Amino acid sequence: MDFKKIMSAVFGAIFIIILYVIIYYALKIMYKDVKTGGKRRTSTSKKTHGIEVIKALDNHQLKPGSVIPVMDSITLGRREDNSIVLNDQFVSGHHAKLYLRNDEFILEDLNSTNGTFVNDKKISGRVRLKVEDEIRFGSTIFRVID
């Protein structure tokens with residue numbers, strides 16, 4: 001009888017220890033989720049970029065000072081299927097594309113009629129953007145931010 005009681009006590013103690021370890025790790029994981037807002041940590045080498053609206057002509061969606069983050073890619077133009085619709089007669093239907101590639105921020109003119117300008121210079125094709133560069137599509141002006 002003593003052997004059964006001892007074994008029962010040992011297994012009971014082991015069960016309680018395992019239960020406490022499981023609860024500890026569950027609470028640790030929940031604490032990390034609450035602390036980071038449920039977001040997973042991403043690589044610190046990946047940069048995030050965005051554009052700030054400097055000037056927007058009669059566009060109810062874009063207000064000067066507002067910021068548009070660019071996580072992957074966005075398209076700009078007059079057509080409704082663009083990420084950012086620019087109501088400007090000098091902007092093409094599909095005017096330009098902004099995207100990230102290998103931690104570089106790229107602007108691509110999509111053969112627009114009136115051109116895309118970076119720091120008041122007309123571009124063709126793709127160009128790498130730097131922080132503080134000014135981009136103009138028609139009369140709408142953006143500034144690259146980090």
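Residue numbers count from 1 along this sequence. Remember, predicted model here, so these are calculated numbers, not experimental data.
- In this structure, the side chains of R78 and H95 stay at 4.5 Å or more apart for every pair of heavy atoms.
- No side-chain heavy atom of V131 sits under 4.5 Å from any side-chain heavy atom of I145.
- Side chains of H94 and D81 form a contact here, defined as non-hydrogen atoms less than 4.5 Å apart.
- Looking at residues two or more places apart in sequence or on another chain, you find no salt bridge (Lys or Arg N to Asp or Glu O under 4.0 Å) involving R79.
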Without placing hydrogens or testing angles, list every side-chain donor-acceptor pair under 3.5 Å for residues 23-30, not counting sequence neighbours.
none

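- Here the straight-line distance linking atom NZ of K4 with atom CE of M7 works out to 12.0 Å at 0.5 Å rounding.
- For the pair F137/D88, no side-chain contact is recorded, criterion being any heavy-atom separation below 4.5 Å from C-beta on.
- Looking only at side-chain heavy atoms (C-beta outward), F142 and I54 stay at 4.5 Å or farther from each other.
- Remark: the backbone N or O of S112 is paired with a side-chain donor or acceptor of D109 at under 3.5 angstrom.
- Qualifying salt bridge (Lys or Arg N to Asp or Glu O under 4.0 Å) partners for R126, counting only residues two or more places apart in sequence or in other chains: E108.
- The side-chain contact (heavy atoms from CB on, under 4.5 Å) check on T75 picks up N82, S83, K97, with sequence neighbours excluded.
- Taken to the nearest 0.5 Å, the CZ atom of R136 stands 10.0 Å off from the NZ atom of K122.
- Residues I123 and V70 are members of one and the same hydrophobic cluster, defined by side-chain heavy-atom contacts under 4.5 angstrom among Ile, Leu, Val, Met, Phe, Trp and Tyr.
- L107 places a side-chain heavy atom less than 4.5 Å from the side chain of V118.
- In this structure Y99 satisfies the ring-ring contact (aromatic ring centres under 6.0 Å, His included) test with no other residue, sequence neighbours excluded.
- Counting heavy atoms from C-beta outward, I135 and I141 have side chains that stay 4.5 Å or more apart.
- A search for salt bridge (Lys or Arg N to Asp or Glu O under 4.0 Å) contacts involving E80 returns nothing, not counting sequence neighbours.
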